[in-house]
There are 2 protein chains.
Amino acid sequence: MTQPAPSGEPETAAPVLALVDDDDDIRSSLSRALRLRGFEVETFASAAAFLGTDMPLRFDCLILDYGMPGMNGLELQCELNARGAAPPIVFITGHGGVPESVQAMKGGAIDFLEKPFRQPVLIERIQAACEIAAERRLRNAADRALAERFSRLTAREMEIVERMIESPSESSSKEVGRHLGISPRTVDHHRARILEKLGVRSVAELIDLARQRG
Amino acid sequence: MTQPAPSGEPETAAPVLALVDDDDDIRSSLSRALRLRGFEVETFASAAAFLGTDMPLRFDCLILDYGMPGMNGLELQCELNARGAAPPIVFITGHGGVPESVQAMKGGAIDFLEKPFRQPVLIERIQAACEIAAERRLRNAADRALAERFSRLTAREMEIVERMIESPSESSSKEVGRHLGISPRTVDHHRARILEKLGVRSVAELIDLARQRG
DNA sequence: CCTTGCCTAGGTAATGTTGCGAATTTCGCC
DNA sequence: GGCGAAATTCGCAACATTACCTAGGCAAGG
C-alpha cells in the first residue's frame with residue numbers, strides 16, 4: 001500500500017485529493033508533487049468537469065483554482081455548499097485579492113494561497129486541510145451510523161423516543177403512557193425494544209444518543 | 001451574581017464598538033459615522049491602549065486596523081484569543097494582503113476589509129458582525145449560568161456527577177456507590193442534593209445538562 | 001463552645017422496571 | 001382472499017431502584 005508518510009506517520013489510507021485548475025502546467029506539476037508525497041490526486045480542468053463526476057463527495061480535500069473560465073472557484077464552492085456537501089477546500093489563486101479570499105474563508109474554505117506559491121507551503125496547508133477532513137469524515141460516519149440505528153425504530157418507538165427527549169424528567173413508562181394514551185406496560189415493551197435496537201442499556205444513554213442526533 | 005441585570009436598560013439597544021486605529025482621521029470620521037448609525041463607539045489609538053483598558057471584553061465588536069505601529073491587529077487578535085476572550089473582529093487594513101486576511105479569518109475574524117472602504121459597506125459588515133456577537137453572547141451567558149450552577153456542587157457531588165456522565169448505564173446508586181467505595185444510601189443522598197442544586201428532576205436531565213457543559 | 005457545612009449511613013414506603021404470557025391489529029406476500 | 005411475520009397492545013407479579021425521614025462523625029470558623 002502506498003503510504004502518504006506526511007511526517008513519517010503511518011496514515012490509515014492515502015488522502016484523495018481533487019485538483020481543479022484550468023492551467024495545464026499547474027495540474028501536471030502539482031499533481032505529480034502531491035503524488036510523490038503520497039496523496040492520491042484526480043485532476044479536473046474546469047469546475048464543470050468536476051461537477052460532472054458522479055461522486056464529487058468522495059474527495060478528502062479540494063484544491064481549487066479561484067480564477068477559471070466559466071464557473072470560477074468561488075461559485076463552485078457556493079454550489080457545493082448549496083448541495084449540502086462542503087468538503088474542505090484549499091483555494092489557489094493567480095489574481096484574486098483580499099475580498100475574494102475573505103469571501104472564500106467565510107464560505108468555509110480551509111485555506112487560500114496566492115500564486116505563485118512555494119510547493120512545500122501548499123503541501124503543508126493541504127496536509128492540515130486533510131486532517132480537518134479526516135475529523136469531519138469521522139464525525140459524519142458516526143452520524144450516519146447513528147441515523148442508521150435510529151432508522152430501525154418503528155413509528156411508535158420513534159414517537160416514544162421523541163417524547164422522552166422532549167422531557168427527560170417525564171420519561172417513565174407511566175408518564176409516557178399517559179401522554180400517549182396507552183398502558184405503561186406497553187411503553188415498557190417498546191422501550192425494551194428501543195434500548196435493544198439502539199444498543200444502549202439505560203434511558204440516560206438513550207437520551208444522550210438521541211441528543212447527539214437531534 | 002454580582003449583577004442581577006437591572007431591568008431599566010434595554011439590552012438590545014446600542015451595540016458597543018471598539019475602534020482601534022492609529023490613524024486620527026479614520027478614528028474621528030468613522031466613529032462619527034458609526035455613532036450616527038446608532039452605535040456606541042470607543043476609540044483607541046493603539047493595541048496597547050485597548051489592552052490597557054480594564055475591560056476589553058465589554059465590547060460587542062472590535063474594528064481593528066491591521067497595520068499599526070507597535071502591536072498590530074493580528075497580534076492583538078492572537079493575544080485576545082490566548083486570553084480566551086475572542087470577540088467578533090472586523091479588520092480594516094491599508095497595506096495587508098491575502099495572507100494576512102486569511103490568517104485573520106483563520107483566527108476567527110468575522111470580516112476583513114481593505115482601505116479605502118466605502119463606509120456603507122463597512123457599516124453593513126459591522127452590523128452583521130454585531131448580530132453574530134449577539135448570538136455568541138447569548139450562548140456564553142447560557143454557558144456561564146450553567147457553569148455557575150455546577151460550581152455549587154461539592155467535590156464529592158461533582159465526583160458522582162462525573163461518574164454518572166462517564167457511564168450513564170451504571171449511574172444507579174448501587175453501581176456508583178460500589179465504584180466509589182461508599183454505601184448506595186450515601187450516593188442517594190448526594191444525588192438528591194445534585195438534582196436539587198441543578199434544578200433537574202431526573203438523572204436523564206442531569207446527564208443531558210452535564211453533557212452540554214462538557 | 002457552638003454553628004455550619006459536608007460526608008456518611010439505615011429503614012421504610014413509594015416508585016419504576018422487568019419477565020412471563022397473551023390478544024388484537026397491521027402489513028407484505030403468495 | 002388467505003397466511004404468516006411483525007407491530008402494538010395489555011395484566012400480573014417479582015424484582016430493583018429511588019425518595020423521604022432521620023442521624024452520627026468530622027473539620028472549619030466565629
Side-chain angles (χ1 to χ4, degrees), chain A residues 145-213, chain B residues 1-2 145-213:
Chain A
L146 206 58
E148 205 274 337
R149 280 201 281 177
F150 271 93
S151 72
R152 288 211 160 106
L153 299 181
T154 67
R156 197 54 154 173
E157 287 163 353
M158 203 50 143
E159 199 175 356
I160 292 178
V161 169
E162 285 170 359
R163 187 73 188 78
M164 285 177 165
I165 315 172
E166 195 180 323
S167 58
S169 64
E170 296 168 357
S171 56
S172 70
S173 297
K174 182 186 292 183
E175 293 296 327
V176 176
R178 195 167 53 80
H179 186 268
L180 295 180
I182 58 179
S183 159
R185 186 60 187 84
T186 307
V187 180
D188 279 345
H189 177 263
H190 287 315
R191 189 187 41 209
R193 290 295 149 147
I194 292 168
L195 296 185
E196 182 190 354
K197 284 182 180 178
L198 295 183
V200 295
R201 287 195 314 249
S202 69
V203 182
E205 274 186 7
L206 165 62
I207 305 259
D208 199 31
L209 213 65
R211 277 273 196 268
Q212 287 177 28
R213 212 207 35 156
Chain B
M1 284 308 223
T2 50
L146 206 58
E148 205 274 338
R149 280 201 281 178
F150 272 92
S151 72
R152 287 209 160 118
L153 300 181
T154 68
R156 196 55 154 173
E157 287 163 355
M158 204 51 144
E159 200 174 355
I160 292 179
V161 168
E162 286 169 0
R163 187 75 187 78
M164 285 177 163
I165 314 174
E166 195 181 322
S167 57
S169 64
E170 297 169 357
S171 56
S172 71
S173 298
K174 181 187 288 183
E175 292 297 327
V176 176
R178 196 166 53 80
H179 186 266
L180 296 180
I182 58 180
S183 160
R185 301 286 118 226
T186 308
V187 179
D188 267 354
H189 176 263
H190 287 315
R191 189 188 40 208
R193 288 286 166 278
I194 292 168
L195 296 184
E196 183 190 354
K197 284 181 179 178
L198 295 183
V200 296
R201 287 193 313 247
S202 70
V203 182
E205 274 188 9
L206 166 61
I207 306 261
D208 198 32
L209 213 64
R211 279 272 198 268
Q212 288 178 26
R213 213 207 35 157

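Letters go in sequence order (proteins before strands), and every chain restarts at 1.
Whole-Å rounding puts the B/Ile182 CD1 to D/dC26 P distance at 17 Å. Atom CD of B/Glu159 is separated from atom C1' of C/dT8 by 14 Å (rounded to the nearest Å). Across the protein-nucleic acid pair, B/Ile194 atom CD1 and D/dA19 atom C1' stand 15 Å apart, rounded to whole Å.
An OP1 or OP2 oxygen of C/dT8 is reached within less than 4.0 angstrom by no side-chain nitrogen or oxygen of B/Ser183. The shortest distance between the side-chain N/O atoms of B/Ser172 and the OP1/OP2 oxygens of D/dA16 is not below 4.0 Å. Between B/Lys174 and the phosphate of D/dT17, there is a side-chain N or O to OP1/OP2 separation shorter than 4.0 Å. Considering only side-chain N and O atoms, B/His189 lies nowhere under 4.0 angstrom from the phosphate OP1 or OP2 of C/dA9. Within the structure, a side-chain polar atom (N or O) of B/Arg156 is placed less than 4.0 Å from OP1 or OP2 of C/dT8.
In this structure, A/Leu209 and A/Arg149 have side chains that are in contact, with non-hydrogen atoms separated by less than 4.5 Å.
In this model, no donor atom of one side chain and acceptor atom of the other lie less than 3.5 Å apart for B/His190 and B/Arg156.
Checking A/Thr186 against A/Arg193, the closest nucleotide of DNA chain D that is more toward the 5' end is the one next to A/Arg193. For the pair A/Arg152 and B/Ser171, nearest-nucleotide mapping onto DNA chain D gives the more 5' position to A/Arg152. Sequence order on DNA chain C of the closest nucleotides to A/Arg191 and B/Asp188 puts B/Asp188 first from the 5' end.
With C/dC7, D/dA19, C/dT17 as the candidates, the nucleotide lying closest to the side chain of A/Ser173 is C/dT17. For A/Glu157, whose side chain is taken as the heavy atoms from C-beta onward, the closest listed nucleotide among D/dT8, C/dC7, D/dT18 is D/dT8.
In this structure, B/Arg185 reaches the bases: a heavy-atom distance under 4.0 Å links it to at least one base atom across the strands shown.
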Problem set entry | Check against salt bridge (charged side-chain N to carboxylate O under 4.0 Å, His left out), B/Asp208 and B/Arg211 | CA-CA 5 Å; B/Asp208 198 32; B/Arg211 279 272 198 268; over 6 Å; no
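The pair A/Glu148-A/Arg152 meets the salt-bridge criterion, with a side-chain N (NZ, NE, NH1 or NH2) lying under 4.0 Å from an Asp/Glu carboxylate O.
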